[in-house]
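We use all heavy atoms of the structure for the numbers below, so side chains are in, but hydrogens, waters and symmetry mates are not. In this text the structure is predicted, and so the values were computed from the model without any measurement.
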Amino acid sequence: MAYKISDECISCGTCAGECPVNAISEGEDKYVINPDECIECGNCADVCPVGAPKKDE
Ligand code: SF4
Ligand code: SF4
């Protein structure tokens, strides 16, 4: 399980700097999370201005 960034992402980049395991990088038209690295800390969801990172159930 991991967090996943939805299409609501506006590519502000804030979340990438708050991820403790550097699992977030800039993708084609939004930021993306590497599911193999995400430890589900929730930091990205907490700092995102548009609530784009969501738990991928
Ligand atoms: Fe990184 Fe935590 Fe977000 Fe996973 S939940 S991508 S570990 S900030
Ligand atoms: Fe996208 Fe939110 Fe991350 Fe900004 S903080 S890059 S809007 S997911």
| query | side chain to side chain contact (heavy atoms under 4.5 Å, CB included) between Ser25 and Val32: does it pass, once the steps are laid out? | reply | CA-CA 6 Å; Ser25 59; Val32 291; 3.7 Å; yes
In Å and rounded to the nearest 0.5 Å, what is the [atom1] to [atom2] distance from [X] to [Y]?
X     : Y     : atom1 : atom2 : answer
Lys55 : Glu40 : NZ    : CD    : 5.0 Å
Glu18 : Cys41 : CD    : SG    : 9.5 Å
Ile33 : Lys4  : CD1   : NZ    : 10.0 Å

Which heavy atom of [X] sits nearest to which heavy atom of [Y], and what is that distance?
X     : Y     : result
Val47 : Cys15 : CG2-CA, 3.9 Å
Ser11 : Lys30 : OG-CA, 3.5 Å
Cys48 : Ala52 : SG-N, 3.3 Å
Asn43 : Pro20 : ND2-CD, 3.9 Å
Tyr3  : Cys38 : N-SG, 3.4 Å
Cys19 : Ile24 : CB-CD1, 3.9 Å

